[in-house]
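Here the structure is laid out as structure tokens; the discussion comes afterwards.
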Amino acid sequence: MRIGVPKEIAPNERRVALTPDVVGRLTKGGFEIFLERGAGSAAFFPDEAYTKAGASVGDRGSVLGHAEIILQVQAPNPESLTQIPEGTALVAFFQPGADLLRQLAQRRLTAFSLVLLPRITRAQPMDVLSSQATVAGYKAVLLAASAAGRVFPMLVTAAGTLSAARVLVLGAGVAGLQAIATARRLGAIVSAFDVRPAVKEQVQSLGATFLEMAIEEHAETAGGYAKELSEEAHKKELVFLAGAAKDADIVITTAAIPGKKAPILLTAGAVQGMKPGSVIVDLAAETGGNCELTQPGSEIVRNGVAILGPLNLPSTVPLHASQMYAKNVAAFLGHIVQDGKLRLDFEDQIIRDTCVTHAGEVRKS
Amino acid sequence: MRIGVPKEIAPNERRVALTPDVVGRLTKGGFEIFLERGAGSAAFFPDEAYTKAGASVGDRGSVLGHAEIILQVQAPNPESLTQIPEGTALVAFFQPGADLLRQLAQRRLTAFSLVLLPRITRAQPMDVLSSQATVAGYKAVLLAASAAGRVFPMLVTAAGTLSAARVLVLGAGVAGLQAIATARRLGAIVSAFDVRPAVKEQVQSLGATFLEMAIEEHAETAGGYAKELSEEAHKKELVFLAGAAKDADIVITTAAIPGKKAPILLTAGAVQGMKPGSVIVDLAAETGGNCELTQPGSEIVRNGVAILGPLNLPSTVPLHASQMYAKNVAAFLGHIVQDGKLRLDFEDQIIRDTCVTHAGEVRKS
Amino acid sequence: MTDFGSMLFVFVLATFIGLGVIRRVSRLLYTPLMSLTNAISAIAVVGSIVVTGADHPLTIRILGAVALFASMTNIVSGFMITDRMLKMFKKQ
Amino acid sequence: MTDFGSMLFVFVLATFIGLGVIRRVSRLLYTPLMSLTNAISAIAVVGSIVVTGADHPLTIRILGAVALFASMTNIVSGFMITDRMLKMFKKQ
Amino acid sequence: MHLIGELSAVLATALFIFALYWMNDPKTARHGVIAGIVGMTVAVVATWIQPEIIHHGWIIGAIALGFVVGVPLSRVPLTAVPQRTALSHAFGGLAAGLVGMAEFFLWKSGSSTVAMTPFRMSALGAEVILGFLTFTGSLMAAGKLQEVKWIPQRPVTYPGQNVVNIGVLLVAVGLGVAVVLNPGAAWAQQAFLAIAALALIFGVLLIVPIGGADMPTVISILNAYAGLSAVAMGFVLDSKLLVTAGALDGSSGLILSIIMCRAMNRSFTNVLFGAFGKAQPAAIKGEQKEWKQESVEGAAQLLEQARNVVIIPGYGMAVAQAQHKVRELYDALTKRGVTVKFAIHPVAGRMPGHMNVLLAEANIPYSALVEMDEINPEMPQTDIALVLGANDVVNPAARYNKGTPIYGMPIIDADKAKTVLAVKRSKNPGFAGIDNELYVGDNTWMLFGDAKAVLSDLVRQFGSGGIH
Amino acid sequence: MHLIGELSAVLATALFIFALYWMNDPKTARHGVIAGIVGMTVAVVATWIQPEIIHHGWIIGAIALGFVVGVPLSRVPLTAVPQRTALSHAFGGLAAGLVGMAEFFLWKSGSSTVAMTPFRMSALGAEVILGFLTFTGSLMAAGKLQEVKWIPQRPVTYPGQNVVNIGVLLVAVGLGVAVVLNPGAAWAQQAFLAIAALALIFGVLLIVPIGGADMPTVISILNAYAGLSAVAMGFVLDSKLLVTAGALDGSSGLILSIIMCRAMNRSFTNVLFGAFGKAQPAAIKGEQKEWKQESVEGAAQLLEQARNVVIIPGYGMAVAQAQHKVRELYDALTKRGVTVKFAIHPVAGRMPGHMNVLLAEANIPYSALVEMDEINPEMPQTDIALVLGANDVVNPAARYNKGTPIYGMPIIDADKAKTVLAVKRSKNPGFAGIDNELYVGDNTWMLFGDAKAVLSDLVRQFGSGGIH
Ligand SMILES: NC(=O)c1ccc[n+]([C@@H]2O[C@H](COP(=O)([O-])OP(=O)(O)OC[C@H]3O[C@@H](n4cnc5c(N)ncnc54)[C@H](OP(=O)(O)O)[C@@H]3O)[C@@H](O)[C@H]2O)c1
Ligand SMILES: NC(=O)c1ccc[n+]([C@@H]2O[C@H](COP(=O)([O-])OP(=O)(O)OC[C@H]3O[C@@H](n4cnc5c(N)ncnc54)[C@H](OP(=O)(O)O)[C@@H]3O)[C@@H](O)[C@H]2O)c1
Ligand SMILES: NC(=O)c1ccc[n+]([C@@H]2O[C@H](COP(=O)([O-])OP(=O)(O)OC[C@H]3O[C@@H](n4cnc5c(N)ncnc54)[C@H](O)[C@@H]3O)[C@@H](O)[C@H]2O)c1
Ligand SMILES: NC(=O)c1ccc[n+]([C@@H]2O[C@H](COP(=O)([O-])OP(=O)(O)OC[C@H]3O[C@@H](n4cnc5c(N)ncnc54)[C@H](O)[C@@H]3O)[C@@H](O)[C@H]2O)c1
């Protein structure tokens, strides 16, 4: 089967869908890989490494035009879409917006959105959400530490004692847990909060403190995701978190509810109550932000509190993020391709959930 | 005694010479503190905190004009100098360049450069070099980690194993040791090199590997500083380090020889040999850089290797850097002031070494 | 009347036991141990009783009574002071 | 001829020693320990020698010889296999 | 002459004590063997040179035969060591029984120089009973262990078994009492023979209801019996040496069986009189698998004896925050020359890299961490897989059970290791909520408890084992 | 009657053994005392009820007097316990000596039922010599410890001292041999009295050359002598109980003195025959301070008994990479209820925050870390300051010695703690290259060795101490 890997053209996207390492494994597995020239260079994978691994490197037109399956990180832009022949399959990591889906269906592409991958055990090797969230959680702490006016660890020195930074992590999913771990590594005193009850033990298993707030409702879905809170509970949460933020030097927010706008956890008032020099890193910026003041994609300062709303953090760690993405995608390929042909078995939960357009129809919305 | 603390006006300088905390202690000790409005704001110390601690906040002119001792981080610029009355004492952390010294002497200031503080045991509480190098070493690792295309710790995940970053630290003085410790905290595999033999044990005491190269000469002065190497030894070192850099993902260089240009440790050729995606953070940028390609104050990329030459890193952690600076300066004040008067006892090594101009004369060069 | 061999046997075996048991006594307890063994060694009381109480000449019995008094002092003060010291180890 | 009291004494003391010493044997060595004590318990050989070698009726001596053979087998195989097993603990 | 006898007895006793004492430590254990041999030689020679010993040929012959049989018996494969030990006990028991018989008949025939006090006669009875029951009991045990065809390996139980067994013993003891009270009676000789026969029968009955798993405990108890029969012989023959050596042997057997009982969670009294049967049936009835529990002592012993150990950490290690204790265990094991590796499953814990974060915190070198794909081929050669609060990631159901959520997930093949030790707090399932057959595997032993607490205990076991 | 005697002897022996065995553990130690009391009561009663005992009044009187003196003697302040023990030994020795004398004269007067074999006569001699030398020796020791005026506290030595001492002893022994060989001789009685006198003198001579520091060792040895005299009495009186109890006492005294010698770095032979003097002079001569070494066992004991411990880490902890062992020690101590704090000096190590990095790696909670300024006021109330590879930062010279590079540097006041334990590898100085008088302080004890190794040992001591 012919696989095409175009260069990512979205701004600030430095990842690449396949790495030479994975290319090698795929070619051994009978795939032919066509790679756009320079596709991996932003992630530090030179074209030679790909050719050595068995890929053919060519121009964008030929890559998009001749592949049976196109692997990307971001969704193709409208212009690229026109270059892709009808019936081609597309695997990428995109939010399935209505416009985009319509275009994909129009072009009769069989498109798979990895954002929709079910979080079930056997899908773990393909779980792009987890792998990229891991990178994001790690990087968020580095951003916070770089932006902070203080060092994270406690240091007793001849010039006095530097107290350890107090880091508060809101939302302890994959990214949140990784943030906790990274902040602890740097020597910070970490506490965390989440609405899902199972998280408490997980937070403690990383040596951090879990902040307890009595929420009467059951905030976890059967699938292990968080539910939106009732208005009353949410108000209670806001008051509670404003109190917690007061003591924090660093707040990292990662709360998300799948398919919904991110919940607001820090109001402008809560930010007002924080110490000057504190830093908020809002990982939910992409879906609106957990902090009321967050401006996605930029950094603002309010009352001496820096509020960072970084977008696409994983792309800033392109080498490892691509490595994981490529492994995820290869696992996904292995699942949807059988005997050299696309297996469109919609009984299969993974295929059913991720395939958003097929044969000119929008299957999901 | 009247102490004046003007706002730092050098570009990118966010530190402040005194913190409210230290102001409190000094006022209790009989000093009167005059602070320029907003002097601490960049380091997150609001004016109110200073007034609360007993300082008077005023405009620049009155602060410079009425103080008996002026405390600064950077040396005053020529314009400020004209505002300072003759005979005033000045304590700051500056390289004693000939031009500057001339101006200081001209204005008949009694100027102390904390850069020249002897590294003796009893001077440790005033040791600004150490305190600021501590911050720099820590921050250098954060810079490197942020710039790297990879994560530092080893992580075994469903999307494959991310290998730990290999960090090489060149020059293991105060900043280098702190860099080693910080990189180890983040989970990197760290090795280090220095010409002073005593450093080996110190590097190992942080759990890192010391790279051994047989240097025949004794590269340590009686004061515990490094000497310049002979040309031959230096050549040998360059070859050795080029080899070591090949394996590294991150190189942090901190080598310095007091009063001299920083030694070159990484040639353009060595950089060529490094892996794409590697990062060099050159802490010696201020004195020319340890890497041949370093451009002080900016970041360049060569063969996929990012070379960062940050200037004034401590200033990017203004809160803690100022806190330590202020404690150092207060300790120095305690040493040079006795019974409310400047004690110009040139028998005292600390005073002798640091006092660069007095009574219109340049005492050091 | 016991034969010499048995006595020797008993002595050797008891010494082994003594060495084995004492070696394992907690370092914390050496001082009370010393007073305890001190009390136990006053087992010489057995001999004194025989000498004192049997139908012997007066001088002999006086010797015995002094010995008995001495041993008894040991026993009483030895056990009591040991117990007093041990009471101080409530912590554990 | 030893009296009953001494024997009892010896038995009690030896049991104490046995308990004390064995309790401290490394868990690693229980198997060799078992074969070693097995060999030592073949001390019954002493009785067999007397029965076999003294001037007794033939039947008695045959009983003795069988016992002697049995004990001797124990001694030989017991010590030898213990040593063989212990040789395997070179590691430490 | 008498003095030499006494002194050599003291010497031999001391040597025997040292022999056992030196078994404390593998380093000195071989000195122990030498001390034992010297002690035994001293005892034999001292006895032999007594003037009343005249039939030297007989002695030499029997001893030679002993060597002929003993040497090959010491060369059995290590797997057959338990049988050999049992067989040895049988020989020991036989010797004691025979000597007892001989003494009795000697005395009956009037040719004994020994005065037959009631005490001595009681001792004689005890010697014969203990000796012969040890003889047949040990033979049976050896047979069961060797899986001899006509000896049923399975425990054989029937109603009223204990009554029958105790009955047989009581009759023998009763006859003994009768003989002691009427040593001169005409029937005494017959009674004595009957005692011997009953003891022989009792030995068989004692072992019949016992299953293979309990055999080591039984052998250890038989060891104690053999020792006690030597003590009795000592009383008869008026030999303090016999009494001491026998007492050493008896107490050692006792201690070992107590320890073994404890390790198997059995009460000692349950074992003491052959009432072993009771706990057995459940295990035999169905093929239903059982959770087998190991004591911390037992686990420490297993780990010490292993050449290579693979530790498989999971979420439970994280929950217990046991990483520092893991490091102590790692240190203790590597110090003993055991190779220790950590097998890290890609989704162990609850976040990517969860195990890495914790193990790095505890300063476990990266080089000791091995990925799943690398370790799996090595698992069959692994002596011990220590599963530390991991569950789903070692669940063999992932390989074949399509009904489970984890089907298809690659797992760490802990079940292929020679022995598995698994630490968890309860029988509860892990994240995926499914049962794990690994825990009831034949070669799996559970260590129930919080991972940190269990590891503390384990590490302490090593610490204390090393000193004494 | 005889049977009761034998059985009660066995019982009393067993009780004494248990009494000592229970001293293993503070938890059971008081049971030990009860066992001892019961054992003693059994022995006394069994003796008393013998038919030949007829003068009950005498016995009651002597016993009552024993209580009258004994009870107050047990109420001495704890500081006087050593003297009391010594005095007690004196009483024990006296009793043995007197009984020996009595036995001898009884036998001489022909009113003894005991056959005086040479063996028994030797035992009698030993009893008297050991008893009387213990008597005066212990009295002297008690006097020295109590600082009685007319007994010189300082060691008194003179040339040829050892020759004189050994001479006296040899004469006594020689006389003893003569008596054994000619028990019936006319001069035997005088000779026997002379033996007693010489023993009394020897006891005094034995203690004269010994200084206060060695006294505990000496007392322990005297304890052994007292025990041996009881053994000898047992041989004379044909009492196995005396022999066992005496042997227990003798071996305990022996072991304790060996342990004490080891802890003080003295050879045991050096102490055995009163040749203590030799090592002394150096200590007396000048006021020059000495490095005192503590054993790991001793240190563990000290730490266990402390209520609060302050650990002062320095560069040596870092060099040894001992942080994880430090954590183990921290765990072990806090588990025992000891309060542990870490005093972090601003320049400990070789970089700012050096100690923090390492202690955080080992997961020591931040709350346990205390800054210098905060800990210093607490130091005088600190039971133990454990200086762990720190040197300059605890060097009192910084306070007053203007000549040193560290003059004026604030230090952690380790020297003000009640006891200081200092771990380092050698007597080498630290970074500043200057001597540290803290290490030779009166309340300081060195633990030489690599910090990691020393801590491992310490932690193992705790581990093993808890089990047995
Ligand atoms: N790594 C990831 O990124 C990630 C993310 C989400 C989900 N998951 C899932 O999490 C699971 C990970 O597998 P796993 O084997 O590591 O964990 P697991 O299957 O959840 O098993 C953990 C085991 O540890 C035991 N345990 C818990 N606390 C303990 C304590 N204090 N002491 C001793 N044992 C304790 C539990 O048994 P007791 O309760 O009886 O003690 C449990 O059986 C997988 O199913 C994976 O799919 C992983
Ligand atoms: N913190 C900073 O920023 C900084 C920077 C530069 C200099 N300094 C200077 O460094 C010194 C720090 O004081 P410090 O007390 O921490 O250190 P120190 O005075 O250098 O003493 C360290 C002690 O540790 C012992 N040691 C070394 N390795 C050991 C091992 N493996 N096991 C056990 N002991 C070991 C050494 O004695 P043995 O050799 O006998 O074992 C030595 O006495 C001060 O003088 C300070 O001024 C500090
Ligand atoms: N079974 C698997 O194989 C597998 C793999 C990966 C992840 N997961 C699970 O998927 C789940 C979601 O992980 P994710 O990181 O993608 O989550 P996410 O990004 O959707 O949300 C991040 C976190 O925000 C929390 N949150 C939502 N609303 C909040 C509020 N109002 N206040 C505070 N916190 C709030 C959520 O509970 C969640 O923990 C987790 O349970 C994770 O364990 C399962
Ligand atoms: N005694 C005290 O109180 C005290 C306090 C602080 C620092 N110090 C000492 O001062 C000394 C200098 O510390 P610093 O951080 O300011 O040093 P620095 O900034 O002058 O130099 C940094 C490091 O670069 C190294 N270096 C120089 N040339 C090199 C080459 N060609 N190759 C490799 N490495 C080279 C030096 O050895 C030094 O370790 C250290 O010994 C430190 O311990 C002492």
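Reminder, nothing fancy here: chain letters follow the sequence lines and each chain counts from 1.
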> Side chain, backbone, both or neither: which part of B:A148 has a non-hydrogen atom closer than 4.5 Å to chain A?
Replying inline: backbone
> With respect to chain B, which residue among A:T134, A:N328, A:V317 yields the maximal number of heavy-atom pairs within a distance under 4.5 Å?
Replying inline: A:V317
>> Can you confirm whether A:R302 is buried at CZ, in the sense that more than 12 heavy atoms of other residues, nucleotides or ligands lie under 6.0 Å from that atom?
In response: no
> Which one, A:R184, A:K275, A:K139, leads in non-hydrogen pairs under 4.5 Å with chain B?
Replying inline: A:K139
> Does any heavy atom of chain A fall under 4.5 Å from the side chain of B:S131, the backbone, both, or neither of them?
Replying inline: side chain
> Is the backbone of B:T161 close enough, under 3.5 Å, to the side chain of A:Q323 for a donor and an acceptor to pair up by distance?
Replying inline: yes
>> B:L186 vs A:L142, test: side chain to side chain contact (heavy atoms under 4.5 Å, CB included). Steps then yes/no.
In response: CA-CA 10 Å; B:L186 274 174; A:L142 289 185; 4.2 Å; yes
>> Rounded to the nearest 0.5 Å, what separates atom CG in A:D249 from atom CZ in B:F44?
In response: 11.0 Å
>> At a heavy-atom distance under 4.5 Å, which candidate from A:G149, A:S278, A:P153, A:P318 has the highest pair count against chain B?
In response: A:G149
> For atom CG of A:N12, is the number of surrounding heavy atoms from other residues, nucleotides or ligands below 6.0 Å larger than 12?
Replying inline: no
> Taking B:V135, B:L162, B:L143, B:L319 one by one, which has the highest count of heavy-atom pairs under 4.5 Å against chain A?
Replying inline: B:L162
>> Can you tell me which of B:S163, B:A43, B:G187, B:A159 forms the most heavy-atom pairs within a distance under 4.5 Å of chain A?
In response: B:A159
> Hey, which of A:G304, A:S146, A:G160 has the most heavy atom pairs under 4.5 Å with chain B?
Replying inline: A:S146
> What distance separates A:D127 CG from B:T157 OG1, expressed to the nearest 0.5 Å?
Replying inline: 10.0 Å
> CZ/A:F152 to CZ/B:R185 distance, rounded to the nearest 0.5 angstrom?
Replying inline: 11.5 Å
>> Take a 6.0 Å sphere around CZ of A:R14 and say whether it holds more than 12 heavy atoms from other residues, nucleotides or ligands.
In response: yes
>> Show the nearest heavy-atom pair for residues B:Q124 and A:A158, with the distance to one decimal.
In response: O-CB, 3.6 Å
> Pick from A:H320, A:Q178, A:M324: which one makes a side chain to side chain contact (heavy atoms under 4.5 Å, CB included) with B:L155?
Replying inline: A:Q178
